Amino acid sequence: MSEMNEFDENGPEVIKRFMYVNRKAPYGTIYALECLEVVLVAAAFDQDVSVVFLDDGVCQLKKNQDTTGIGMKNFSKTYGALDDYDVEKIYVEKESLAARGLTEDDLVIPVEVLAADDLREVMAQQDVIISS
Amino acid sequence: MSEMNEFDENGPEVIKRFMYVNRKAPYGTIYALECLEVVLVAAAFDQDVSVVFLDDGVCQLKKNQDTTGIGMKNFSKTYGALDDYDVEKIYVEKESLAARGLTEDDLVIPVEVLAADDLREVMAQQDVIISS
Amino acid sequence: MKFAILINEGPFTHQASDSAYRFTVAALARGYEIYRVFFYNDGVYNSNRFSEPQTDDRNLVSLWAKLGKEHDIDLVVCVAAGLRRGIKDEVLEDGFRISGLGQLVEAGIQADRLVVFGD
Amino acid sequence: MKFAILINEGPFTHQASDSAYRFTVAALARGYEIYRVFFYNDGVYNSNRFSEPQTDDRNLVSLWAKLGKEHDIDLVVCVAAGLRRGIKDEVLEDGFRISGLGQLVEAGIQADRLVVFGD
Amino acid sequence: MLHLINKSPFERNALDSCLRMARPGSAILLIEDGVYAALAKAAHAEKIISRMDDFSFYVLGHDVAARGLNDAPLIEGIDVVDYEGFVDLVAEHDVTQSWL
Amino acid sequence: MLHLINKSPFERNALDSCLRMARPGSAILLIEDGVYAALAKAAHAEKIISRMDDFSFYVLGHDVAARGLNDAPLIEGIDVVDYEGFVDLVAEHDVTQSWL
């Protein structure tokens, strides 16, 4: 119960580190969109929010998405709102990008590209990890 | 439209070769169970039915399943009913079994174990392929 | 030539229903007949009349119902898959009907092509 | 210690809801508090009161409702995910409540552990 | 036979299994997240490039565009089709198998 | 950190990604279809065996039994737990990450 006491002592001022992990491609499944919807809500809470894209999740950020042909909403522009919501810790795994033949220039928003060895340390420092 | 005419000429006597393809493990998802439910219904139609297990689908036939701990229905015994329903063409890919460290002796029902090279030819002779 | 369509996933969560819808529209445009669309597994959720997506998003339940009405397409929801998932007459959108798995097998027999959309 | 549970998949189709249920029962047996169970993505389907599995199968909707009642667990269905999937008050099982995504974030803040079950 | 692949080759084994089990001479159409297999500069490109003689490969252009891949080079020799082209492929082949 | 793997290593890349991203010293619990990764005689066994020094591996026994694997040898050194053991693992580690 030590965590609980610690939490109670610090009261409402405690800030937790929340990380949202995206590993899935957009459009084939809804997880990318519904994770983004969580992050936008989470931004309103005074917590330390970071968003990670690895594996096929890096494809969510690809520029030039045009969904008119598949009849689905193009939500890639919404990632640009993360900055307005003060979500500034956005990490992309370098190896996942490279495996897909993509570079930082292919992405819709500025991100911090980290090698797996560095991203591992960032992930290990979180208090809550939400994946979808 | 040649197929339609051909079909109409032969009328209701036409027998099609239906193959049901299982590539997913049991319990983690419902596809194995709901595919089996289709096959049992399909057996009542006078068609040529075959069932294939490859990739993780071979795990559906593993002996000694005991689902009491996970609270789900053990449906592995139902595969034994396939024979009662005159579904006799049951194929298992040899390579998929081997990759999982399994052998024919591990399976709940007698099957025809085929190497990919032979199963490929069986699959290529079907009229309708239903996967889930 | 007659096509049958099998949809194994619900709306929104997987692209299966979207792909099947666009495929069906294109098949009709090419002059083919759609013998039946069969909704199985989570596909039964495509008939839930309470579905209410955001106003700028597509509504797959309405899209299927409308397409079915316009082209007289048989939209069949599996009774067994529907029961366990709570898709029954109480929630069924107009234009869909609930029936047994035999309707899928029969579609496979009657149609010249069966195309499966799933996860 | 307080646990929060996030369920991302519907009943039956994936094992997520079963695993989360057994985990929750075990956590209660260990004397932990369940701060909240949040149903997101297809997880919202776990609250569909029309779900009627075969009589020899488990009914996850009732199981959750019953567990919630017995242990006073807050069972929250996401309003946004529910709306697009047709999970609204009209189909909601007693014992669940519909609310916003903030309830998930708040659970992450208040609980000592958050465990995610999905596909 | 026409084979449909709707899964990313990075996430799932559907493409691998299809390439193992499909009879040479078959057509393979990449749709939905399956279109990532068509990326020429991706690590998995060799899987398809090495089988160009065995199969006719197609990719659904609408799914390519949706994912922002119109500016990314696709593997040479993969034909881009639209939904009507998808319908034509189904009509031209006796059987369609989906690798779900 | 506790990592949860609920996917078959034959079908998906979840285990690979977890093994790449998890910090040595972490615990990894295999549940649901993830338990196939524990099979000692399976082709993928080496993935885990080669990392036994880096991680503590656990497998949910109920999921093993459900899949009929009680008679199949599991990789030596993987601890079998029940649901209460699963709860204990979550309680013992500050954070749990699910590799969905």
Side-chain angles (χ1 to χ4, degrees), chain B residues 21-36 52-80 92-111 113 115-116 131-132, chain F residues 4-16 18 29-49 58-89 98-100:
Chain B
V21 179
N22 289 279
R23 293 183 55 247
K24 291 175 182 165
Y27 306 117
T29 56
I30 203 171
Y31 303 104
L33 170 61
E34 290 194 330
C35 182
L36 182 56
V52 173
F53 298 88
L54 71 158
D55 292 324
D56 282 342
V58 305
C59 300
Q60 296 177 23
L61 300 179
K62 179 71 182 67
K63 269 181 192 164
N64 297 332
Q65 296 177 22
D66 175 2
T67 58
T68 46
I70 62 167
M72 295 167 74
K73 205 161 58 168
N74 176 355
F75 61 94
S76 67
K77 288 174 178 74
T78 313
Y79 292 104
V92 170
E93 195 212 8
K94 189 179 174 179
E95 288 83 349
S96 295
L97 267 185
R100 286 154 190 81
L102 301 174
T103 70
E104 207 171 335
D105 292 338
D106 287 309
L107 309 183
V108 281
I109 51 169
V111 300
V113 176
S131 34
S132 61
Chain F
L4 292 184
I5 301 286
N6 72 335
K7 292 294 175 298
S8 160
F10 299 98
E11 190 201 15
R12 306 235 200 156
N13 65 351
L15 178 64
D16 289 331
C18 173
L29 171 60
L30 309 170
I31 66 168
E32 302 179 358
D33 290 343
V35 303
Y36 291 111
L39 289 172
K41 293 198 289 183
H44 289 26
E46 193 52 40
K47 283 185 184 181
I48 284 183
I49 293 171
Y58 303 87
V59 64
L60 188 62
H62 300 298
D63 279 321
V64 171
R67 288 157 183 79
L69 306 178
N70 270 348
D71 63 6
L74 301 187
I75 293 168
E76 212 172 320
I78 299 187
D79 283 346
V80 179
V81 299
D82 59 10
Y83 285 106
E84 298 202 351
F86 180 0
V87 169
D88 293 341
L89 283 170
S98 297
W99 289 84
L100 306 181

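Here the structure is a predicted model, which is why all the values come from computation and not from measurement. Note on naming: letters A, B, ... go to the chains in the order of the sequence lines (proteins, then strands), and numbering restarts at 1 for each one.
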query: Can you tell which of B/Asp106, B/Leu102, B/Asp56, B/Thr67 has the highest number of heavy-atom pairs within less than 4.5 Å of chain F?
result: B/Asp56
- prompt: Are there more than 12 heavy atoms of other residues, nucleotides or ligands under 6.0 Å from atom NZ of F/Lys41?
  reply: no
field: Heavy-atom pair count under 4.5 Å with chain F, highest-scoring of B/Pro26, B/Ser96, B/Ala98
entry: B/Pro26
Stepwise side chain to side chain contact (heavy atoms under 4.5 Å, CB included) check, F/Arg67 with B/Tyr27: CA-CA 8 Å; F/Arg67 288 157 183 79; B/Tyr27 306 117; 3.7 Å; yes
message: I'd like to know if F/Asp71 pairs up with B/Lys62 as an ion pair, taking the criterion as any Lys NZ or Arg NE/NH1/NH2 lying under 4.0 Å from an Asp or Glu carboxylate oxygen.
response: yes
field: Those residues of residues 68-77 of chain B, ordered by number, that approach chain F below 4.5 Å (heavy atom to heavy atom)
entry: B/Gly69, B/Ile70
field: Residue, of F/Glu32, F/Glu11, F/His44, that accumulates the most heavy atom pairs under 4.5 Å with chain B
entry: F/Glu11
query: Based on non-hydrogen pairs under 4.5 Å, which of F/Ile31, F/Asp33, F/Asp63 is most in contact with chain B?
result: F/Asp33
